[in-house]
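See structure below.
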Amino acid sequence: METAPKPGRDVPPKKDKLQTKRKKPRRYWEEETVPTTDGASPGPPCNKKNRGPQRPKNAHILKKSRISKKPQVPKKPREWKNPESQRSLSGAQDPFPGPAPVPVEVVQKFCRIDKSRKLPSSKAKTRSRLEVAEAEEEETSIKAARSELLLAEEPGFLEGEDGEDTAKICQADIVEAVDIASAAKHFDLNLRQFGPYRLNYSRTGRHLAFGGRRGHVAALDWVTKKLMCEINVMEAVRDIRFLHSEALLAVAQNRWLHIYDNQGIELHCIRRCDRVTRLEFLPFHFLLATASETGFLTYLDVSVGKIVAALNARAGRLDVMSQNPYNAVIHLGHSNGTVSLWSPAMKEPLAKILCHRGGVRAVAVDSTGTYMATSGLD
């Protein structure tokens with residue numbers, strides 16, 4: 001007995017949808033697909049252009065270096081050309097080619113590095129930096145020596161005759177000896193009631209401030225003789241200093257440090273700086289240095305109103321103080337005849353110099369910061 005065929009067994013299978021899809025038309029730059037074995041999918045069409053062997057995915061591709069492998073030749077220094085080839089726009093030759101010569105004596109006056117000393121045997125990097133610094137210093141000295149020709153005036157000085165003591169020359173004698181323009185700057189103030197006085201000029205040299213031991217404080221424009229302010233603080237004034245402008249005054253009074261404006265109005269009273277005897281203002285650092293009876297040297301930052309350093313000199317009362325205008329180092333004179341040098345970054349003095357057998361009464365440093373003069377008991 002024959003069995004009826006089950007539905008779906010002898011029916012031919014439907015074609016795969018992928019095979020029934022219409023093939024894409026072949027482009028003119030494509031080739032026909034490579035016939036494959038049964039059951040394998042046709043491979044991708046091959047391009048006409050032969051691109052060469054393909055690199056594996058993990059292959060390392062070397063990039064071309066941008067750094068040239070050629071040896072670097074050091075540049076030659078610029079040399080002056082032949083003067084015959086140097087001609088001006090008019091066609092005439094330059095009779096003085098090259099830079100103007102400078103006398104060696106003038107250059108040495110502005111040089112700050114002693115070339116007679118040999119460089120220390122140190123690392124090559126440090127030695128190269130020192131050589132660069134020397135070259136820059138030499139170039140700066142030459143420029144300063146050339147610009148000296150523009151200074152038509154020379155600084156004046158006092159020279160006495162043979163055997164004459166210059167300390168006995170009075171101001172009236174100097175006014176009679178100088179020219180008319182300098183003599184016109186002479187003025188006289190009779191301040192006999194509230195003295196002795198301490199005075200200070202502003203950085204521009206136009207304004208003058210002075211304070212007396214009996215409380216008299218005043219500031220004026222000495223060129224026009226116009227009085228800016230005049231007050232009496234009703235206590236002893238030990239020192240007075242202009243700050244970064246003539247609009248602010250620092251006054252060391254009997255007890256505390258006070259700040260006034262150019263109208264005589266009190267702005268601040270700094271009680272942490274007490275019993276101050278001397279004041280010095282460092283304009284490039286905005287620091288006000290104070291020396292006190294307690295033997296402390298205090299640095300006050302006037303930009304923020306905070307004390308940045310308080311150093312104990314361990315030498316008793318401080319009555320003598322001056323600053324070096326070249327490097328802003330403070331010089332303190334002591335009763336044992338020594339002068340100590342201070343910086344706010346160090347808690348100990350930078351140096352100590354024994355100048356006198358007795359106490360030091362005055363200290364002064366010149367404007368180039370090279371020489372220091374002292375007065376004391378011997």
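Contact annotation: the side chain of H331 approaches that of N324 to within less than 4.5 Å [non-hydrogen atoms, C-beta and beyond]. Residues N262 and C229 have side chains not in contact (no heavy-atom distance under 4.5 Å, counting atoms from C-beta outward). Residues V339 and M372 form a side-chain contact, since some pair of their non-hydrogen atoms from C-beta on lies under 4.5 Å apart. Residues R314 and E348 have side chains in contact (heavy-atom distance under 4.5 Å, counting atoms from C-beta outward). Two residues are said to be in side-chain contact when any heavy atoms from C-beta on lie closer than 4.5 Å; F242 and H207 meet this criterion. Contact annotation: the side chain of E138 never approaches that of C111 to less than 4.5 Å [non-hydrogen atoms, C-beta and beyond]. Residues E293 and T277 are in side-chain contact: their nearest non-hydrogen atoms beyond the backbone lie under 4.5 Å apart. The side-chain heavy atoms of L158 and I169, taken from C-beta on, include a pair separated by under 4.5 Å.
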Steps toward side chain to side chain contact (heavy atoms under 4.5 Å, CB included) verdict (L311, M346): CA-CA 9 Å; L311 309 175; M346 303 292 293; over 6 Å; no
| request: Walk me through it: do F281 and H244 pass the test side chain to side chain contact (heavy atoms under 4.5 Å, CB included)? | output: CA-CA 8 Å; F281 182 68; H244 52 278; 4.1 Å; yes
Quiz item: Are R206 and D221 close enough, and set up right, to give a salt bridge (charged side-chain N to carboxylate O under 4.0 Å, His left out), and what steps lead you there?
Solution: CA-CA 6 Å; R206 186 180 180 90; D221 184 346; 2.9 Å; yes
Does L279 form a side chain to side chain contact (heavy atoms under 4.5 Å, CB included) with L257? I'd like the steps, not just the answer. CA-CA 10 Å; L279 296 174; L257 176 65; 4.0 Å; yes
Run the numbers on L220 and F210 for side chain to side chain contact (heavy atoms under 4.5 Å, CB included), then give the verdict. CA-CA 9 Å; L220 57 89; F210 48 87; 3.8 Å; yes
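In this structure, M321 and A289 approach most closely via the heavy-atom pair CE-O, 3.6 Å. Across all their heavy atoms, I330 and L282 have their closest contact at CD1-CD2, 4.2 Å. Heavy atoms only, all atoms of each residue included: V106 and A145 are closest at CG1-CB, 3.6 Å. The heavy-atom pair separating H186 from Q171 by the smallest distance is NE2-CB, 4.4 Å. Heavy atoms only, all atoms of each residue included: V178 and A183 are closest at CG2-N, 3.8 Å. In this structure, P344 and A309 approach most closely via the heavy-atom pair O-CB, 3.8 Å.
In the displayed structure, K225 atom NZ is contacted under 6.0 Å by more than 12 heavy atoms of other residues, nucleotides or ligands. Counting non-hydrogen atoms of neighbouring residues, nucleotides and ligands closer than 6.0 angstrom, the CZ atom of R214 reaches no more than 12 such neighbours. Applying the 6.0 Å contact sphere to CG of N190 captures more than 12 heavy atoms from other residues, nucleotides or ligands. Counting non-hydrogen atoms of neighbouring residues, nucleotides and ligands closer than 6.0 angstrom, the CZ atom of F187 exceeds 12 such neighbours.
Remark: N200 CG to L249 CG distance equals 8.5 Å, nearest 0.5 Å. Distance OG1/T290 to CZ/R272: 10.5 Å, rounded to 0.5 Å. Going from atom CZ of R275 over to atom CZ of R255 covers 9.5 Å, rounded to the nearest 0.5 Å. Distance check: L297 CG to S343 OG gives 10.0 Å after rounding to the nearest 0.5 Å. Going from atom CG of L300 over to atom NE2 of H268 covers 10.0 Å, rounded to the nearest 0.5 Å.
Checked for salt-bridge contact, R213 and E235 miss the test: no charged N lies under 4.0 Å from a carboxylate O. We find that E280 and R241 are joined by a salt bridge, their nearest charged nitrogen and carboxylate oxygen being less than 4.0 Å apart. The pair D301-K306 does not count as a salt bridge, with every side-chain nitrogen at least 4.0 angstrom from each carboxylate oxygen. Contact check on R278 versus D319 returns no salt bridge, with no Lys/Arg side-chain nitrogen under 4.0 Å from an Asp/Glu carboxylate oxygen.
Cluster annotation: I231 is not connected to L191 through the hydrophobic network of ILVMFWY side chains, with a link wherever side-chain heavy atoms come within less than 4.5 Å. Taken together through direct or relayed side-chain contacts under 4.5 Å among Ile, Leu, Val, Met, Phe, Trp and Tyr, I259 and V251 form parts of separate hydrophobic clusters. The hydrophobic clustering, which links ILVMFWY residues whose side-chain heavy atoms are closer than 4.5 Å, places L287 and L318 together. Transitive grouping of hydrophobic side chains (ILVMFWY, heavy atoms separated by less than 4.5 Å) keeps L248 and L208 in distinct clusters. Hydrophobic clustering (ILVMFWY, side-chain heavy atoms < 4.5 Å, transitive): F194 and L199 are in one cluster.
When each of L267, V233, I265 is paired with Y260, the side chain to side chain contact (heavy atoms under 4.5 Å, CB included) condition holds for V233 and for no other.
For D378 (side chain) and R357 (main-chain N/O), a donor-acceptor pair under 3.5 Å exists by modelled atom type. In this structure a side-chain-to-backbone donor-acceptor pair under 3.5 Å is present from S147 to A144. A donor-acceptor pair under 3.5 Å links the side-chain atoms of D261 to the main chain of G264, judged by distance alone. Side-chain atoms of T338 never come within 3.5 Å of backbone atoms of H334 as a donor-acceptor pair (strictly under, hydrogens ignored). Looking only at distances, no side-chain donor or acceptor of D173 sits under 3.5 Å from a matching main-chain atom of A177. Judged by distance alone, the side chain of E131 and the main-chain N or O of S128 form no donor-acceptor pair under 3.5 Å. Looking only at distances, a side-chain donor or acceptor of W222 sits under 3.5 Å from a matching main-chain atom of G205.
Taking the six-membered ring where tryptophan is involved, the planes of H216 and Y197 are perpendicular, since the angle between them exceeds 60° and thus also 30°.
Taking the ring axis of F296 as reference, the NZ or CZ atom of R317 does not stay both within 45° of it and closer than 6.0 Å to the ring centre.
For E139, the salt bridge (Lys or Arg N to Asp or Glu O under 4.0 Å) partners two or more places apart in sequence, or in a different chain, are K143.
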